[in-house]
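Quick notes on the structure that follows.
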Amino acid sequence: MPVVMPHDDKKTVLREIEQERLVEIYQHSQALIRRVEAIITPSVERIADLFYTEMLTIVGAQPFLNHALVDTRLRLSLAEWIKQLFLPQTKEEVYLHIQRQREVGNIHARINIPIYLVHHGIRVLKRECRQLLIDSNLERNEMATALSLVEELLDYSSFLINESYFNDIIINERSAQALRMNTINQGLAMDCERLRSLLFDWLRRILTSLYQTPAPTLQQLPTIFSSDFGLWVTYKAELLFIDHQQEVDHLKAQLIKINELVKQAITLRDTNSIIELGATINNLNDAVTHSSWFLSSFINHALEMESGRDPLTHLFNRRYIPTIMQRAIRISATQNAPFCILLLDIDFFKKVNDGWGHDNGDAILIQVGELLVTHVRAGDFVFRYGGEEFLVLLNDINLDTATHIAEKLRLLIEKHTFYINKTIPFTITTSIGIALHEGHPDYSVVISQADGALYQAKEKGRNRIEVANNLLSNPPTTA
Ligand SMILES: Nc1nc2c(ncn2[C@@H]2O[C@H](COP(=O)(O)OP(=O)(O)OP(=O)(O)O)[C@@H](O)[C@H]2O)c(=O)[nH]1
């Protein structure tokens with residue numbers, strides 16, 4: 001059965017040229033290869049011995065090459081690998097040889113062998129093969145071509161091994177990164193539940209002790225600062241949530257408040273002020289319940305931000321714009337399929353907030369997000385771009401169709417009945433800027449064109465769509 005080289009996305013023109021060159025070498029140098037094979041093959045076991053003796057002296061090589069492993073497996077495989085270097089004759093056999101080199105690279109990646117060891121190994125092999133050729137009875141001219149042939153064959157193998165090694169290492173690194181993120185997130189979610197339950201354990205202990213006889217003194221009770229919850233807020237929260245200083249400060253203020261309430265409760269207990277003690281205990285309860293709620297909503301919020309989702313609308317937030325836009329530009333270029341950006345902004349949204357409160361404003365933002373997501377195609381993306389601004393990426397579309405879709409979305413929102421306090425019917429309008437991606441590799445160009453068009457729509461009276469005049473808004477650049 002003929003061997004067909006696997007085609008994958010990463011296959012580059014350079015790769016194809018390299019493959020063809022290798023086929024050429026094998027096909028055109030068969031006579032010489034046979035002579036070289038006759039010189040080198042009888043010594044492959046000795047070369048393998050020398051190779052491992054030398055490699056085992058290198059610092060850092062031991063974990064990959066312990067003596068038992070070398071003795072039972074590696075020496076034989078290396079000897080075999082050297083022999084196979086001279087075997088391919090047909091194109092199919094060369095392709096098989098290429099595949100084998102890539103598999104060696106995959107193995108190196110799986111065991112994460114340092115690349116300097118591989119380089120050094122190839123150097124040792126070159127040196128030993130060179131010496132065998134020099135010591136042989138090859139004629140001067142033939143010797144020169146034989147030396148460069150062996151050099152080239154080993155270089156190709158090294159190139160193929162390292163290429164797939166690096167591809168695999170990158171994939172491994174990406175998965176490791178995703179795993180690390182997941183582990184951190186899962187750890188946080190678990191921490192959160194544990195901390196909440198430990199916080200209530202602490203409260204139970206304080207409340208019980210208030211009615212104990214003999215009554216423990218303030219000094220005998222664990223403070224909120226020394227509780228697991230307090231220690232986490234003081235020492236860990238700040239580190240984990242560098243971008244959420246305000247929330248961390250709020251939790252710290254809660255600790256101080258809880259501490260004061262405990263002190264107050266002890267004094268009231270000691271002075272037998274039963275009624276005031278009851279009120280203080282209620283306040284303490286509230287403060288602890290609030291802290292517990294705040295902790296979990298804050299952690300969930302932070303996790304959502306981390307995961308690239310907007311916590312309010314659950315749409316993608318800006319974090320994923322670079323990745324998704326870069327990908328859209330790449331696909332658009334390879335498939336010759338243009339895409340468009342819509343930038344949509346709710347008109348006079350400040351009035352909604354001012355007149356009906358932020359909660360109603362939030363509810364409208366959530367619904368607008370839902371309307372957008374349910375009325376674009378599955379392959380399109382909707383982002384919450386800013387406060388009351390949404391970015392829609394319409395893939396594989398021309399400007400006319402995108403303009404129709406923008407008008408459809410504008411009408412949809414205009415005709416939609418929103419409800420204030422879930423009862424009072426309410427309508428809103430939006431303005432939309434549209435821009436066609438015209439091939440610029442920097443995605444921010446098309447976004448700023450859509451932004452310019454949105455500005456025009458606002459200027460011209462709102463509740464309308466405008467198409468970016470790219471020729472005007474995008475002067476020619478040298479980039
Ligand atoms: N409820 C709520 N309001 C938000 C949110 N993010 C931003 N906003 C509000 O959105 C409003 C934006 O107001 P402006 O930028 O003045 O714009 P506008 O009132 O929509 O007027 P035009 O855009 O010019 O039509 C402000 O009141 C912000 O507080 C949010 O997450 N929730």
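Computed from a prediction, not measured in an experiment: that's the story for all the values here. The basis for the numbers below is simple: all heavy atoms, side chains too, and nothing from hydrogens, waters or symmetry mates. Order of listing sets the numbers, starting from 1, for every ligand and every atom in it.
- Among Glu388, His358, Lys350, Arg384, the residue whose heavy atom lies closest to atom 31 (O) of ligand 1 is Arg384.
- Numbered from 1 in the order shown, with element, the atoms of ligand 1 that lie under 4.0 Å from a heavy atom of Lys458 read 22 (P), 23 (O), 25 (O).
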Can you give the donor-acceptor pairs under 3.5 Å from side chains of residues 372-381 to other protein atoms, not counting sequence neighbours?
residue	atom	partner	partner atom	Å
Thr374	OG1	Glu370	O	2.7
Thr374	OG1	Leu371	O	3.2
His375	ND1	Leu371	O	2.9
Arg377	NE	Asp380	OD2	3.1
Arg377	NH2	Asp380	OD1	2.9
Arg377	NH2	Asn395	O	2.5
Asp380	OD1	Asn395	N	3.0
Asp380	OD2	Arg377	N	3.0

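- For atom 18 (P) of ligand 1, the closest non-hydrogen atom on the protein side is Phe349 N, 3.4 Å.
- In terms of polar-atom proximity, Leu312 is not counted as a contact of ligand 1, lacking any N or O under 3.5 Å from an N or O of the ligand.
- Annotation: Phe418 is not in aromatic contact with Phe426 [ring centroid separation under 6.0 Å not met].
- Residue Asn353 holds the heavy atom nearest to atom 29 (O) of ligand 1 of all those in Asn353, Asp345, Val352.
- Scanning all heavy atoms of the two residues, the minimum distance from Ala328 to Leu393 falls at CB-CD2, 4.1 Å.
- Side-chain contact, Asn421 with Thr423: no donor N or O sits under 3.5 Å from an acceptor N or O.
- Between Gly361 and ligand 1, a contact under 3.5 Å exists for no N or O pair.
- For ligand 1, one of its N or O atoms has an N or O atom of Phe348 under 3.5 Å away.
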In a table with atom names and distances, give each donor-acceptor pair under 3.5 Å that connects a side chain of residues 450-461 to protein atoms at least two apart or in another chain.
residue	atom	partner	partner atom	Å
Lys458	NZ	Asp345	OD1	2.7
Lys458	NZ	Ile346	O	3.4
Lys458	NZ	Asp347	OD1	2.9
Lys460	NZ	Glu466	OE1	3.2
Lys460	NZ	Glu466	OE2	3.4

